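Before any comments, here is the structure.
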Amino acid sequence: MPLDLEHGRDLTLALLPELLLTAWAAALLLYAAWRHRDSSAQRRAGWLSLFGIAASAGAVLWLWIGGARLEGPATSVAVDAFRWAVDLIILVGAALTVLLSVHYLDREGIRVPEYHPLVLFAAVGMMLLAGGADLFVLFLGLELMSVSVYVLAGINRRNPASAEAALKYFLLGAFASAFLLYGIALTYGATGTTKLSRIGAQISALGIESHPMLAAGLALLFVGFGFKVAAVPFHMWTPDVYDGAPTPVTAFMAASVKAAAFAALVRLLLEAFAALQPGWDGVVWGLAAITMVVGNLIALAQRAVKRMLAYSSIAHAGYLLTALVSGSLAGAAAFLFYLLFYTLMTVGAFAVLIAKGRSGERDVTSDDLSGLAESHPLLALTMTVCMLSLLGFPGTAGFIGKWYILTSATGAGYAGLAVVLVLTTVVSAGYYLPIVMAMYMKPRLHEMAHADVGLPRVVRGMLVALVVALLFYGIWPNQLLTLAREGSHAFLPPHVTPVAVPFSPN
Amino acid sequence: MRTILFWIFSGVAVVSALLCITRRSPVASALWLVTTLFHLAALYVLLDAHFIAAVQVLVYAGAIMVLFLFVIMLLNLGRTGPGDMKGAWGRVVAGVAGFVLLGELLAFRLAAPPGRLRLPAGAVEHAAEEQGAVTAIARPLFEAYLVPFEITSVMLLAAIVGAVVLAKRKL
């Protein structure tokens with residue numbers, strides 16, 4: 001289905017997923033304003049928002065399967081498989097967040113029906129971030145996502161930690177946006193365009209590969225995105241914000257916000273700045289290495305599980321950066337594959353934390369999880385699978401993802417970074433495995449230790465599905481690998497034919 | 001003539017920006033900021049961006065600054081307050097950061113954008129005469145940049161809803 005974005009009809013079709021979700025969010029907002037007082041309406045708003053997400057995902061699938069492709073000049077949105085793949089990952093993350101939130105909001109007595117429309121608005125922002133082919137769209141998508149998530153972080157207004165998290169996130173996020181904007185301005189100054197594909201063309205046409213203004217622009221873009229994906233040394237806000245925000249929102253931030261910002265960074269580097277790869281690979285190398293080392297080492301020292309997961313998500317930003325360093329298609333494919341399962345395992349781990357920590361997830365330590373396997377085998381199993389997958393244990397999807405990232409890095413000659421990845425992964429066993437040990441090998445602290453653990457039926461179903469997905473694709477990943485490779489072909493230079501990347505995990 | 005006007009307006013803008021950040025009283029700071037914004041508007045006129053200049057005066061110097069002053073007066077901020085920068089080190093770091101930025105700007109002045117990107121002389125005036133200042137902005141806004149323009153409206157909606165959700169004590 002060729003789409004010429006100069007025509008209104010084709011532009012509408014290309015933006016159909018975002019339009020559907022925006023319209024649904026606006027309608028839901030009206031519903032929330034109408035039925036403000038009863039808590040059942042808030043629950044219903046949650047279930048209704050799932051329909052919007054499903055409709056949007058349907059539109060994405062329809063466009064992907066229909067073979068939508070760009071015809072005519074490049075405009076402000078991309079029409080390619082990479083966008084559809086990231087859109088689906090984002091929508092899965094948003095749907096899981098809503099599923100976790102519905103009962104959480106009831107339990108914690110948070111009565112804000114606008115919560116669910118804000119999740120949808122954030123998802124729209126993320127999808128625009130993943131699909132923007134113009135620096136304007138990237139920036140506005142980032143802001144739409146960020147503004148919604150600032151509010152979500154502070155939605156529990158009676159909790160000072162939540163307010164602190166929202167304010168910190170807002171101030172540092174605004175600061176990071178300013179860096180990003182300055183970078184965009186300098187890039188425009190050097191190339192005279194904000195369209196990603198045209199930037200790439202202008203760089204080679206004008207021969208400005210080493211122009212200082214372009215280099216400064218790219219450096220500032222790195223700073224801005226570094227903040228958003230929480231890469232060291234721009235990670236300072238992450239632990240406090242992840243710790244203070246309501247836990248479903250933390251899961252949303254750790255999984256989807258990071259995924260969307262990363263997707264935009266991938267598109268920026270591979271589409272606009274591909275010619276500069278010999279210059280920026282050193283920057284990505286350094287960022288990835290220091291992020292993996294610092295994230296993993298500080299995570300070792302954490303006692304509270306929520307804070308440990310915050311640092312673990314920083315470490316995972318380092319793994320994802322490793323996939324980027326080569327700027328190759330194999331790297332982009334590895335990135336897509338890892339992104340999907342990173343989303344699933346992160347949300348899974350936070351879901352267990354939500355079930356365990358009644359109004360005090362911040363205080364749950366690994367000792368509090370002792371003996372969870374006896375009374376709640378499903379929770380313990382989910383946590384175990386998520387921890388092993390985050391660790392990259394063979395047999396889980398996390399292993400395949402890490403393996404694929406490693407082959408993409410070593411294949412392009414970045415063996416040093418691959419060594420750092422393997423070594424820091426070994427370190428990470430030091431904080432993932434004690435949780436598994438506590439659940440299965442330690443006795444309960446006292447008889448009623450897990451009496452208050454609540455597991456609604458919906459969440460139970462969701463956990464089963466997550467575990468099945470993580471294990472199934474850990475053993476039979478081929479189908480998804482093919483899809484990920486198809487997604488990465490969006491960055492194929494027009495004159496290069498696809499090269500099959502040999503891959504065998506065994 | 002243009003050069004003389006440029007130096008006058010930019011000089012006053014820089015001086016009032018300095019006064020804006022050195023005054024102790026928040027009201028005085030805000031008023032100096034108004035002066036800065038007015039002179040920036042004059043610089044936009046010199047760049048033949050008449051529409052931007054008008055918007056600058058209406059929106060920034062007008063609406064936003066009035067809002068600023070209202071907030072300052074409603075919060076009843078006292079006449080004096082402690083400085084933001086703590087200690088000698090804070091001042092040194094801030095000063096160094098400022099000079100780095102200045103050096104960066106000067107470096108960009110030297111490394112001018114590639115020549116092929118420059119508009120031919122008089123192109124801006126010509127476009128403004130032919131289409132009018134507003135059309136020259138409106139046409140790209142609603143054609144080439146339609147998608148970003150529409151996203152802005154969604155973003156503002158989310159921001160308004162968020163502000164109400166967070167700020168209103170009892171909904």
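Everything numeric in this text was worked out from a predicted model, so none of it was measured. By convention in this document, chain letters (A, B, ...) are assigned in the order of the sequence lines, proteins followed by strands, and residues within each chain are numbered from 1.
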>> Under a 4.5 Å cutoff for heavy-atom pairs, which residue among A:Leu118, A:Val77, A:Leu29 has the most contacts with chain B?
In response: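 Ranked by contacts with chain B, first place is A:Leu29.
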Using heavy-atom distances under 4.5 Å, tell me whether [X] contacts chain B through its side chain, its backbone, both, or neither.
X	value
A:Leu152	neither
A:Leu140	both
A:Leu5	neither
A:Val147	side chain
A:Leu15	side chain
A:Tyr182	side chain

> For B:Val154, is it the side chain, the backbone, both or neither that has a heavy atom under 4.5 Å from a heavy atom of chain A?
Replying inline: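 For B:Val154, heavy atoms of backbone and side chain both lie under 4.5 Å from chain A.
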* Contacting region of B:Leu156 [heavy-atom separation from chain A under 4.5 Å] ->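 The answer is neither part of B:Leu156.
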- Query: Okay, side chain of B:Arg2, backbone of B:Leu46: is any donor-acceptor separation there less than 3.5 Å?
  - Reply: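 Pair found, side chain donor or acceptor close to backbone of B:Leu46.
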Exercise. Look at the side chain of A:Thr193 and the backbone N and O of A:Arg198, then say whether any donor-acceptor pair between them is shorter than 3.5 Å.
Key: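 Flag not set: sc A:Thr193 to bb A:Arg198 has no pair under 3.5 Å.
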Item checked: NZ/NE/NH1/NH2 to OD/OE distance under 4.0 Å, A:Arg83 and A:Glu18 ->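 Salt bridge present between A:Arg83 and A:Glu18.
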| Between atom OH of A:Tyr150 and atom OG of A:Ser148, what is the distance when rounded to the nearest 0.5 Å? |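 Rounded to the nearest 0.5 Å, the OH-OG separation comes to 10.0 Å.
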Margin query: I want to check something: taking the side chain as every heavy atom from C-beta on, are A:Leu129 and A:Leu144 in contact at a cut-off of under 4.5 Å?
Written below: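 Result no, sub-4.5 Å side-chain heavy-atom pair not found.
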A quick test of your reading: do over 12 heavy atoms of other residues, nucleotides or ligands sit less than 6.0 Å from CZ of A:Phe222?
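Check passes, neighbour count above 12.
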Member of B:Val164, B:Leu166, B:Val161 meeting the side-chain contact (heavy atoms from CB on, under 4.5 Å) criterion with A:Val151:
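Going through the options one by one, the only one that passes is B:Leu166.
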